[in-house]
Amino acid sequence: MTPAATHALSAPVVQSVDWLAIAPPTIAAVAALLILVADLFVAERNKKFLGYAAIAGLVAAVITLVPLRKGDRSTFCLTTAPDACSYTADHFALVIQLLVLGGALLTALLSVTETKDRLPAGEYWFLLLSSAAGAALLPASRDLATLVVALEVASLPAFALVGLRRGDRLSSEAALKFFLSSVTATAVMLLGVSFVYASTGTLHLTQIAARMDAVPGQLETLAQAGVALTLVGFAFKTAAVPFHFWVPDTYVGAPLPVAAYLSVVGKAVGFSGLALVTVIAFPAYADVWGPVMVVLAGLTMTAGNVAALRQSATRANSAVRLLAWSSVAQAGYILVPIAAAAYSSDDQIGSTVAYALMYAVVNLGAFAVVALVARTKPLNRIADYRGLYATRPVTALLMGFFLLCLAGLPPGIIGLFAKVTVFSAAVDAGLGWLAVVMAVNVVIALYYYLQWTALLFRAPEEAPAGAPAGAPETAPERHRAPTPVTVAIALTGAAAILLSGWPQLVLRFAAVSLF
């Protein structure tokens with residue numbers, strides 16, 4: 001028996017688990033199960049406490065990121081190859097977990113009044129926390145099997161969340177479209193994963209990268225097909241063109257907090273998965289996925305901005321539709337540094353993370369304001385925001401600030417810095433034409449962002465003849481902003497202002513590497 005075989009036999013079969021490393025997704029999952037069980041015993045009048053329990057669970061999950069800040073922990077490693085691990089809590093994983101869990105926390109704040117008034121509380125909180133647990137698991141996953149499982153754990157509860165408004169035709173239709181298109185994308189991705197495994201004989205990302213350099217000639221085409229097909233599932237989650245068609249109808253049909261969750265956490269799941277498989281697993285096939293990512297980025301930002309430009313301010317749900325198409329355009333910007341990584345020796349993923357952090361903060365803030373306005377104007381039209389400054393000046397100022405951040409205009413300095421960072425990544429990688437496409441799209445987006453911003457500060461429309469003067473002021477209790485929604489707006493507003501005053505914070509915090 002060879003020494004290597006002797007060492008393999010003597011290696012321990014059972015390994016210890018680093019419970020601190022896996023604490024963030026584990027706490028979210030345990031909280032989901034506890035809430036599901038508690039829902040069976042809690043009286044209907046006390047269901048609101050389930051929401052506060054969910055918020056507490058998410059806060060606890062975020063706190064456990066603090067002792068992991070060094071980013072040097074791994075677990076579930078192969079006993080015969082300790083450097084091949086299924087879970088790695090590095091800086092990239094921790095930043096994305098903060099984004100995901102923070103986004104879920106803000107979604108929970110927006111959802112407290114929704115579950116009290118319109119949605120079944122126990123099911124809602126269980127599904128939200130379950131999805132958050134899967135989303136937090138994905139950026140730390142370092143093998144294809146764990147990546148697929150994490151992606152599905154994040155996605156399956158999201159289908160139910162979209163269709164949770166019972167008896168609502170739009171909600172059911174949105175959930176069905178989301179489900180069918182996502183299942184198709186997952187099936188294609190699983191086919192790609194099977195091709196990659198057949199070509200390399202392993203599922204661990206680092207080992208795939210090593211073996212992709214020496215794929216036998218007869219398996220070369222199979223490996224290339226596997227790389228391309230594996231990207232499909234993650235491209236769907238980022239709403240990249242042509243996998244974006246589900247976005248507007250799903251956002252409109254879903255409860256507003258769920259739409260906010262999908263716009264931020266869903267994209268974080270998609271782009272982190274894309275970053276992991278392209279930069280870690282498939283660098284040898286950059287000539288395959290690089291051009292694909294470049295084309296996806298250019299098409300996505302263009303299609304999103306052109307569709308957003310066509311939204312009518314007086315159409316029902318136009319506010320949500322504009323944010324939906326805006327999120328498609330923003331996904332195009334997020335994809336640029338991943339595409340640039342195929343053409344540059346430098347790690348460009350930090351630019352993607354920086355942009356994603358900025359987008360998460362301001363987009364959740366915009367959805368929080370939409371959720372507040374929708375309580376009194378349920379048609380969710382952009383025209384409903386005319387004169388918002390006259391009735392809610394602080395909310396209008398913050399909404400205008402969020403929109404300027406998304407547009408990349410001062411005083412939204414963090415949005416400008418994020419766009420410059422992504423633009424620089426394209427230029428540094430020699431993708432000058434993609435940088436030009438991005439610049440043109442930024443100019444196109446200015447029109448609809450500034451149009452909405454200007455509407456906030458215009459004079460309110462006059463009340464119809466015969467309507468009692470000052471009607472909104474006669475019922476202040478009915479129009480009072482719920483405390484959780486106010487807290488969500490305040491938190492996102494404070495974060496956006498802080499990052500605009502100190503943009504180096506997010507850029508330094510996002511200086512992560514996958515190499």
Stepwise side-chain contact (heavy atoms from CB on, under 4.5 Å) test for Leu144 and Val277: CA-CA 8 Å; Leu144 291 178; Val277 296; 4.0 Å; yes

[X] side chain to [Y] backbone, donor-acceptor under 3.5 Å:
| X | Y | result |
| --- | --- | --- |
| Thr300 | Ala240 | no |
| Asn305 | Met301 | yes |
| Trp289 | Leu231 | no |
| Thr492 | Leu364 | no |
| Lys419 | Leu406 | yes |
| Gln311 | Ser318 | no |

Answer yes if the side chains of Tyr261 and Ser131 hold a donor-acceptor pair under 3.5 Å, and no otherwise. yes

Would you check if there is a donor-acceptor pair between the side chains of Thr421 and Ser351 at a distance under 3.5 Å?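 Short answer, no.
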
Minimum heavy-atom distance [X]-[Y], with the two atoms named:
| X | Y | value |
| --- | --- | --- |
| Ser74 | Thr88 | OG-OG1, 3.3 Å |
| Gln97 | Pro25 | NE2-CD, 4.1 Å |
| Leu431 | Ala340 | CD1-CA, 4.0 Å |
| Leu256 | Ala371 | CD1-CA, 3.7 Å |
| Ala239 | His244 | O-CB, 3.4 Å |
| Val361 | Ala496 | CG1-N, 3.8 Å |

Can you confirm whether [X] sits close enough to [Y] that some side-chain heavy atom of one is under 4.5 Å from a side-chain heavy atom of the other?
| X | Y | value |
| --- | --- | --- |
| Leu147 | Leu205 | yes |
| Leu101 | Leu105 | no |
| Val247 | Ser327 | yes |
| Phe236 | Trp246 | yes |
| Phe282 | Val288 | no |
| Leu94 | Pro24 | no |
| Leu323 | Tyr251 | no |

With a 3.5 Å cut-off and sequence neighbours excluded, list the donor-acceptor pairs that the side chains of residues 180-191 form with protein atoms.
unit_1 : atom_1 : unit_2 : atom_2 : d
Ser181 : OG     : Lys177 : O      : 2.7
Ser181 : OG     : Phe178 : O      : 3.2
Thr184 : OG1    : Leu180 : O      : 2.9
Thr186 : OG1    : Glu152 : OE2    : 3.0
Thr186 : OG1    : Ser182 : O      : 2.9

Greater than 12 external heavy atoms within 6.0 Å of Phe243's CZ: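 More than 12 within 6.0 Å, yes.
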
Evaluate whether atom CZ of Phe245 has more than 12 neighbouring non-hydrogen atoms of other residues, nucleotides or ligands under 6.0 angstrom away. yes

Per side chain to side chain contact (heavy atoms under 4.5 Å, CB included), Leu127 is matched among Val162, Val258, Leu36, Leu161 by Leu161

Residues Asp249 and Arg321 bridged, charged N to O under 4.0 Å: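 Yes, Asp249 and Arg321 are salt-bridged.
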
Flag the pair Tyr448 / Trp325 as yes when their ring centroid distance falls below 6.0 Å, and as no otherwise. no

Arg142, Arg69, Lys70, Arg73 screened by salt bridge (charged side-chain N to carboxylate O under 4.0 Å, His left out) with Asp90, the one that passes: Arg142

Could you tell me which residues satisfy side chain to side chain donor-acceptor pair (under 3.5 Å) with [X], sequence neighbours excluded, listed by chain and number?
| X | value |
| --- | --- |
| Gln330 | Tyr355, Tyr449 |
| Thr302 | Asn441 |
| Ser141 | none |
| Gln207 | Thr202 |

Can you list the steps and then say if Phe402 with Asn363 is a side-chain contact (heavy atoms from CB on, under 4.5 Å)? CA-CA 7 Å; Phe402 295 143; Asn363 206 62; over 6 Å; no

side-chain contact (heavy atoms from CB on, under 4.5 Å) involving Ala145 - partner list, sequence neighbours excluded: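 Once residues adjacent in sequence are excluded, the partners of Ala145 under the side-chain contact (heavy atoms from CB on, under 4.5 Å) criterion are Asp143, Leu203.
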
With side-chain contact (heavy atoms from CB on, under 4.5 Å) as the test, would you mind laying out the steps for Met212 and Val196 before giving the verdict? CA-CA 9 Å; Met212 279 279 191; Val196 171; 4.0 Å; yes

May I have the step-by-step check of side-chain contact (heavy atoms from CB on, under 4.5 Å) for Thr146 and Tyr87, ending in yes or no? CA-CA 8 Å; Thr146 309; Tyr87 188 100; 5.9 Å; no

